[in-house]
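To start, the structure itself, in structure tokens.
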Amino acid sequence: MDKPDVLVLWPSRPKQMAILEERYRLHHLYKAPDKAALLAEVGPRVRAIVASGEVGPDRAMIEACPKLEIVACYGVGVDAIDRVACAERGIPVTNTPEVLTEDVADMALMLLLMLLRDAIAADAHVRTGRWAREGVFHMTRCPRGLSVGIVGLGRIGKAIARRLEAIGMQIGGYHGRNAQPGVPYRHHPNLLELARDVDVLILSCPGGAATRGIVNAAVLDALGPEGRLVNVARGSVVDEPALIEALEQKRIAGAALDVFADEPRVPERLRRLDNVVLSPHAASGTFETRDKMAQLVVDNLEAHFAGRPLLTPVLPP
Ligand code: NAP
Ligand code: 8YV
């Protein structure tokens, strides 16, 4: 029997890509010099799409694939996928929850500590010989005594909260649409009020239309000149130009960012600042976790084509 045609928007791990290569006829859109031409040629045959946290099919791509049966995302965040267009055609979407939670929470903690301890400047102090020439490094901030607000207290947000409590930080509250059952922290339906109440805001909510730009100039001003922002969610959650202005004008103390509005393009003005820590959307990027994420893509596709229940389906919007 003919192998099903699968359109790959983003490559995963070598072992799992080899499995996919064996089972399906893969079309690597990310490698194609003329993506529109490849889509026009193979779209009519495509039965599955492999997407990622960064790249997903929009409505036009979904329409170009009339035989599309499933979108398997190599990532937990599915905001890059037009899920409404999928739902209209009854096309299921799968993602990779749980397996990356602890790595992403580690990254949030690491970024926060790097920001508070001015780790980038400390490293440069040694590398550039400034330590020997100019003497001791400047003092930095202790995390204990600071309170943190978490935007999106889901799997990752809760794992971040556990880490913050372990190092003696206070959870000042969280923002989300609903109060989370069984958590001891205060639910703030109003993000502005949460920002006013805490020293640090950590973002771990989904991207997409509902959260676009919710961290705006007013929220940054509510955080204040001693306030800090950590973003392991999506660049779209923050009004990036407003953030750059707030950082330049020292209206907030600093930001540590794993995600950006237009990846991999990061504005020069942001890259020039010394009150930021920047990371290239790498929070889930350990060999161990990415292998598990890639395996979930393989297993979900296998379940779909065998007519078995999907392992990690995303609820339709
Ligand atoms: P999750 O368990 O579904 O948690 C998401 C949380 O966000 C929930 O507490 C949810 O609470 C809240 N939320 C949803 N919509 C919201 C809205 N409109 N406003 C405010 N809060 C909202 O998901 P997860 O596994 O923790 O992943 C969270 C996100 O992390 C992903 O969607 C992705 O964007 C990001 N992520 C980034 C990386 C990276 O590499 N940097 C890696 C993995 C994940 P309510 O439903 O009550 O609002
Ligand atoms: C990326 C992520 O998907 O899971 C998510 O939502 O953003 C990340 O884990 C990962 O970089 C693979 O592309």
Side-chain angles (χ1 to χ4, degrees), residues 8-13 16-17 30 50-56 71-81 83 93-111 149-162 173-183 185 187-192 194-195 201-216 219 230-238 256-261 263-264 278-297 312-315 317:
V8 182
L9 308 190
W10 189 271
S12 69
R13 300 286 300 141
Q16 285 77 13
M17 287 304 289
Y30 59 96
V50 176
S52 79
E54 292 86 349
V55 182
V71 179
C73 182
Y74 173 57
V76 71
V78 289
D79 50 299
I81 300 166
R83 287 164 60 217
V93 173
T94 64
N95 67 348
T96 62
E98 311 282 359
V99 294
L100 44 60
T101 296
E102 303 300 327
D103 273 353
V104 179
D106 285 349
M107 177 65 90
L109 178 63
M110 182 184 87
L111 289 175
I150 299 177
V151 180
L153 193 74
R155 290 171 291 245
I156 294 171
K158 289 186 181 100
I160 293 170
R162 286 198 294 277
Y174 66 96
H175 172 69
R177 294 165 303 180
N178 311 295
Q180 299 286 325
V183 300
Y185 320 123
H187 176 231
H188 284 256
N190 185 321
L191 176 54
L192 203 66
L194 175 65
L201 262 191
I202 300 186
L203 313 182
S204 52
C205 60
T211 56
R212 188 169 300 282
I214 58 171
V215 177
N216 55 22
V219 168
V230 176
N231 189 2
V232 293
R234 285 288 183 265
S236 61
V237 179
V238 179
L257 310 169
D258 183 52
V259 284
F260 303 89
E263 298 171 6
L278 306 175
S279 164
H281 198 151
S284 68
T286 64
F287 290 114
E288 296 81 358
T289 289
R290 288 280 170 86
D291 283 352
K292 289 178 192 153
M293 292 162 63
Q295 193 58 43
L296 269 175
V297 170
T312 49
V314 179
L315 287 177

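Order of appearance sets the numbers: ligands from 1, and atoms from 1 within every ligand.
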Item to check | Heavy-atom side-chain proximity of Arg155 to Glu102 below 4.5 angstrom | outcome: no
Next on the checklist: Starting from atom 21 (N) of ligand 1, what is the nearest protein heavy atom, named by residue and atom, and what distance separates them?
Outcome noted: Gly176 CA, 3.5 Å
Checklist entry - Going by the order shown, which atoms of ligand 1 are within less than 4.0 Å of some heavy atom of Ala233? => result 34 (O), 35 (C), 37 (C)
Checklist entry - Mind checking whether Asp79 and Pro206 have side chains closer than 4.5 Å, heavy atoms only? => result no
Item to check | Ile81 side, atom CD1; Ser52 side, atom OG - distance, nearest 0.5 Å | outcome: 8.5 Å
Checklist outcome for this item: Out of Leu191, Thr101, Asn178, Leu257, the nearest non-hydrogen contact to atom 47 (O) of ligand 1 is supplied by Asn178
Checklist outcome for this item: Near ligand 2 (heavy atom, under 4.0 angstrom), the protein residues are Trp10, Ser52, Gly53, Glu54, Tyr74, Gly75, Val76, Gly77, Leu100, Arg234, His281, Ser284, Arg290, Met293
Item to check | Nearest protein heavy atom with distance in Å, relative to atom 17 (C) of ligand 1 | outcome: Thr211 CG2, 3.5 Å
Checklist entry - For ligand 1, does Val259 get within less than 4.0 Å through its side chain, its backbone, both, or neither, judged by non-hydrogen atoms? => result side chain
Checklist entry - Taking the six-membered ring for Trp, are Tyr174 and His188 ring centroids under 6.0 Å apart? => result no
Next on the checklist: Side chains of Thr312 and Glu98, heavy atoms from C-beta outward: is any pair under 4.5 Å?
Outcome noted: no
Next on the checklist: In the structure I gave you, are the side-chain heavy atoms of Val104 and Ser204 within less than 4.5 Å of one another anywhere?
Outcome noted: no
Item to check | Side chain, backbone, both or neither: the part of Ser204 lying under 4.0 Å from ligand 1 by heavy atom | outcome: backbone
Item to check | 4.5 Å side-chain heavy-atom contact, Leu100 and Ile156 | outcome: yes
Item to check | Heteroatom proximity flag, Gly152 to ligand 1, N/O under 3.5 Å | outcome: no
Next on the checklist: Can you name the atoms of ligand 1, numbered from 1 with element, that are less than 4.0 Å from a heavy atom of Ala283?
Outcome noted: 39 (C), 40 (O), 41 (N)
Checklist entry - What residue and heavy atom of the protein are closest to atom 42 (C) of ligand 1, and at what distance? => result Val104 CG2, 3.4 Å
Item to check | Nearest neighbour in protein (non-hydrogen) for atom 1 (P) of ligand 1 | outcome: Arg155 NH2, 3.7 Å
Checklist outcome for this item: heavy-atom search around atom 37 (C) of ligand 1 in the protein gives Val232 O, 2.9 Å
Checklist entry - Which residue owns the protein heavy atom closest to atom 29 (C) of ligand 1, what's the atom, and how far is it? => result Cys205 O, 3.5 Å
Item to check | Where ligand 1 meets Gln180 - atom numbers and elements under 4.0 angstrom, heavy-atom basis | outcome: 9 (O), 11 (O), 47 (O)
Next on the checklist: Let's go through Tyr30 and Val55 carefully: what are the C-alpha distance in whole Å and the side-chain angles of both, what is the deciding distance for side chain to side chain contact (heavy atoms under 4.5 Å, CB included) to 0.1 Å, and is it a yes or a no?
Outcome noted: CA-CA 10 Å; Tyr30 59 96; Val55 182; over 6 Å; no
Checklist entry - Under the side chain to side chain contact (heavy atoms under 4.5 Å, CB included) test, which residues partner Val215, sequence neighbours left out? => result Leu191, Leu203, Val219, Leu220, Leu229, Val237, Val238
Item to check | CA sep, side-chain torsions, deciding dist, call: Val78, Arg83, side chain to side chain contact (heavy atoms under 4.5 Å, CB included) | outcome: CA-CA 8 Å; Val78 289; Arg83 287 164 60 217; 3.4 Å; yes
Item to check | Residue portion contacting ligand 1 (non-hydrogen atoms closer than 4.0 Å) for Ile156 | outcome: both
Checklist entry - Do any N/O atoms on Ile214 end up under 3.5 angstrom from N/O atoms on ligand 1? => result no
Checklist entry - Just wondering, do Tyr74 and Arg13 contact through their side chains at under 4.5 Å, heavy atoms? => result yes
Item to check | Heavy-atom side-chain contact between Gln295 and Val99 under 4.5 Å | outcome: no
Checklist entry - So which heavy atom on Ala233 is nearest to which on Cys205, and how close? => result CB-O, 3.2 Å
Next on the checklist: Side chain, backbone, both or neither: which applies to Pro206 and ligand 1 if a contact is any heavy-atom pair less than 4.0 Å apart?
Outcome noted: both
Next on the checklist: Polar contacts were defined as any N/O atom of the residue lying under 3.5 Å from an N/O atom of the ligand; does this apply to Arg177 and ligand 1?
Outcome noted: yes
Checklist entry - If you count the atoms of ligand 1 from 1 in the order shown, which ones are under 4.0 Å from a heavy atom of Ala210? => result 18 (N)
Checklist entry - Are side-chain N/O atoms of Ser12 and Arg290 paired as donor and acceptor at under 3.5 Å? => result no
Checklist entry - Of the backbone atoms (N, CA, C, O) and the side-chain heavy atoms from C-beta on, which set of Arg234 has a member under 4.0 Å from an atom of ligand 1: side chain, backbone, both, or neither? => result side chain
Next on the checklist: Using a plain distance cutoff, I'd like to know if His281 has any nitrogen or oxygen under 3.5 Å from a nitrogen or oxygen of ligand 1.
Outcome noted: yes
Next on the checklist: Under 4.0 Å from a heavy atom of Leu153: which atoms of ligand 1 are those, numbered in the order shown and with their elements?
Outcome noted: 9 (O)
Item to check | atom 10 (C) of ligand 1 touched by protein heavy atom at under 4.0 Å | outcome: no
Checklist entry - Taking both backbone and side-chain atoms of Asp258, is any N or O found less than 3.5 Å from an N or O belonging to ligand 1? => result yes
Checklist outcome for this item: closest protein heavy atom to atom 4 (O) of ligand 1 is Gly154 CA, 3.2 Å
